[in-house]
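Step one of this worksheet: look at the structure below.
Here the structure is a predicted model, which means the values were calculated and not measured.
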Amino acid sequence: MNFIWNVQKTLLAGQRSFQLHLEYASSCKSVAIFGPSGAGKTTLIKMIAGLLQPDIGLIKIGSCVFFDKKQKINLKPQQRNLAYFFQSYSLFPHLTVQQNISFPLKKGIFNPTKKYNNLEISLLLERFELVNLAHQYPHELSGGQQQRVALARALITKPKLLLLDEPFSMLDYQLRKRLRSEVKAIQQQINCLLLIISHDQEDVDFFAEDVLILENGKLKK
Amino acid sequence: MMNFSWDALFLSLKVAGCSVIINLVITVPIGFLFARKKFIGKEFLDTILTLPMVLPPTVLGYYLLVLLGRHGWIGQCLEKYFNINLIFTWQAAVVAATIVTFPLVFKPTRTAFESVNVCYEQAASVLGISNFSIFFRIILPLAWRGIFAGLLLSFARALGEFGATLMVAGSIPGKTETLSIAIYQAVQEGDNDTASIAVIILSIVCIAVLVVAKKLTGYKIFH
């Protein structure tokens with residue numbers, strides 16, 4: 001099995017409480033998550049990324065147990081070897097496009113310099129049509145350009161699992177079509193699992209071998 | 001007769017500089033703790049730490065005298081174990097300036113850390129960067145303007161510190177007489193020329209510091 005999870009989580013927002021209970025197992029390599037906003041899609045992805053802890057349950061991706069309440073296993077986000085494309089992009093505002101993309105390649109307490117470059121970075125800049133924007137700052141870019149930077153940054157780590165939260169929403173039709181193929185090509189090249197949240201039926205058709213439909217924190221299938 | 005002493009200006013700069021460095025070392029971890037962690041009594045403690053901003057400096061000076069003096073709780077310990085007597089030394093002036101200006105650094109530091117969106121830290125952690133590195137690579141670069149502006153303000157305030165300093169360090173010319181105290185002494189002695197020069201120098205330094213602070217806090221591209 002590539003994806004196994006059985007998790008429960010109660011979220012409190014003021015007076016409101018939201019119950020999430022999801023059970024799923026699949027040997028597919030690419031799975032899409034579909035559902036109205038507020039259904040718990042991003043919450044699920046955050047639990048898989050290790051940014052939110054389930055109350056009880058188990059998360060196993062590939063051969064790696066990310067979380068197991070019974071055995072008291074809870075890997076840090078840093079240990080999960082995954083890439084997460086945030087809906088809000090979360091590009092670092094004080095770093096240029098090229099520095100943002102090379103950010104994960106440099107460990108330690110210093111950021112990559114503005115000139116830091118290698119073949120991998122150049123290739124991604126080219127693939128995502130960012131060559132002319134390499135030295136711009138995120139606030140100087142349009143929504144669609146920021147989205148492409150965030151995608152490139154997620155892919156450069158060569159993750160075992162790729163989590164994409166609405167990755168093409170800000171792109172025009174042509175670019176969306178092209179970037180889908182790029183992402184799929186990279187996915188096949190680095191041989192990683194893919195979990196994608198999208199409202200776009202074409203994304204789902206293009207990527208997913210299986211589709212999960214979420215409603216009110218439950219699986220609707 | 002003009003009797004202006006550059007020693008007083010250098011002492012003021014030394015005291016203010018030391019208090020800024022101490023405040024930087026103390027407020028960065030405390031400000032970060034207040035911005036990111038939840039604990040019982042947090043807001044109460046915040047109020048206590050902000051008190052020096054509203055208490056009259058003479059009241060603070062009195063507290064310090066009670067604590068640091070020969071019979072004070074800290075003063076006794078310092079004398080017994082380290083053979084140090086702080087009262088009427090320039091180091092006492094540093095302690096006074098540090099405490100009086102602490103809220104001026106603590107408040108903007110806390111706000112600066114709070115204004116750094118948690119999503120950047122999450123993004124960096126998923127990308128495999130350790131929390132320690134995230135602090136230096138993401139949080140500090142995004143918060144430093146606020147922290148630096150607070151430090152500059154505290155520097156200007158420390159230069160003008162009078163009440164608390166006079167109470168714990170006294171006014172010994174060449175030893176603990178800072179520029180603002182020297183101004184007071186000059187006026188008392190009717191030496192208006194000396195007072196005028198000292199006033200002009202202190203004003204210029206303070207204006208310069210405020211201009212830089214304003215420029216930095218006005219630069220809000222990252223927020």
Side-chain angles (χ1 to χ4, degrees), chain A residues 42 45-52 66 75-96 99-113 116 137-140 146 149-165, chain B residues 24-25 27-29 31-33 35-40 42-43 108-151 212 215-223:
Chain A
T42 301
I45 270 203
K46 282 199 165 163
M47 286 196 286
I48 295 170
L51 301 174
L52 260 180
F66 283 1
L75 295 188
K76 288 181 188 165
Q78 286 94 337
Q79 298 170 317
R80 298 191 179 199
N81 193 10
L82 52 82
Y84 180 2
F85 173 94
F86 288 76
Q87 209 174 0
S88 57
Y89 321 137
S90 299
L91 295 177
F92 307 124
H94 57 305
L95 301 179
T96 63
Q99 285 176 300
N100 261 286
I101 295 174
S102 53
F103 183 87
L105 300 181
K106 200 129 193 298
K107 305 292 169 199
I109 62 165
F110 296 107
N111 285 318
T113 59
Y116 186 85
Y137 286 90
H139 70 270
E140 298 167 330
Q146 291 186 27
V149 180
L151 262 176
R153 186 182 67 183
L155 289 166
I156 203 161
T157 55
K158 297 199 178 108
K160 289 259 187 291
L161 168 67
L162 187 56
L163 303 172
L164 303 177
D165 195 346
Chain B
L24 172 69
V25 173
T27 49
V28 166
F32 187 64
L33 190 80
R36 284 290 185 271
K37 302 284 174 209
K38 282 182 188 165
F39 53 89
I40 299 165
K42 184 163 121 175
E43 292 315 314
T109 301
R110 179 180 172 175
T111 312
F113 282 135
E114 278 171 344
S115 68
V116 177
N117 198 325
V118 183
C119 74
Y120 301 131
E121 290 160 55
Q122 294 185 336
S125 69
V126 173
L127 290 167
I129 307 300
S130 71
N131 291 340
F132 184 75
S133 295
I134 290 172
F135 182 78
F136 288 99
R137 290 172 64 171
I138 304 288
I139 300 168
L140 216 48
L142 291 177
W144 80 269
R145 274 170 208 283
I147 301 170
F148 195 62
L151 287 172
V212 176
K215 218 170 176 172
L216 282 172
T217 46
Y219 192 68
K220 280 186 174 161
I221 224 161
F222 295 151
H223 300 297

TODO: Examine whether an atom of B/Asn117 lies under 4.5 Å from a heavy atom of chain A, and if so say whether it belongs to the side chain, the backbone or both; otherwise answer neither.
DONE: neither

- [ ] Report the distance from atom CD1 of A/Ile109 to atom CD1 of B/Ile129, rounding to the nearest 0.5 Å.
- [x] 12.5 Å

TODO: Heavy atoms only: give me the nearest B/Leu127-A/Lys107 pair and the separation to one decimal.
DONE: O-NZ, 4.0 Å

- [ ] Might you confirm whether atom NZ of A/Lys76 has over 12 heavy atoms from other residues, nucleotides or ligands at distances under 6.0 Å?
- [x] no

Task: Over 12 non-hydrogen atoms of neighbours within 6.0 angstrom of CZ in B/Phe39 - done: yes

Task: Backbone N/O of A/Gly108 and side chain of B/Ser133: donor-acceptor pair under 3.5 Å - done: yes

Open item on the list: Among residues at least two apart in sequence or on other chains, which ones pass ring-ring contact (aromatic ring centres under 6.0 Å, His included) with B/Phe136?
Closed with: B/Phe132

Task: Set of ring-ring contact (aromatic ring centres under 6.0 Å, His included) partners for A/Tyr84, sequence neighbours left out - done: A/Phe86

Task: Minimal non-hydrogen separation, B/Ser125 against A/Leu51, with atom names - done: OG-CD2, 3.8 Å

- [ ] Tell me, yes or no, whether the heavy-atom count around B/Phe148 atom CZ, taken from other residues, nucleotides or ligands under 6.0 Å, exceeds 12.
- [x] no

Task: ring-ring contact (aromatic ring centres under 6.0 Å, His included) partners of A/Tyr89, counting only residues at least two apart - done: none

Task: Side chain, backbone, both or neither of A/Leu163 within contact of chain B (heavy atoms, under 4.5 Å) - done: neither

Open item on the list: Only heavy atoms, only distances under 4.5 angstrom. Which residues in residues 153-161 of chain A are near chain B?
Closed with: A/Arg153, A/Thr157

- [ ] Any chance you could measure B/Ile138, atom CD1, to A/Leu95, atom CG, to the nearest 0.5 Å?
- [x] 6.0 Å

- [ ] Of all the heavy-atom pairs spanning A/Lys106 and B/Arg137, show the shortest one and how long it is.
- [x] O-NH1, 2.6 Å

Task: From B/Tyr120 atom OH to A/His94 atom NE2, the distance as rounded to the nearest 0.5 Å - done: 9.5 Å

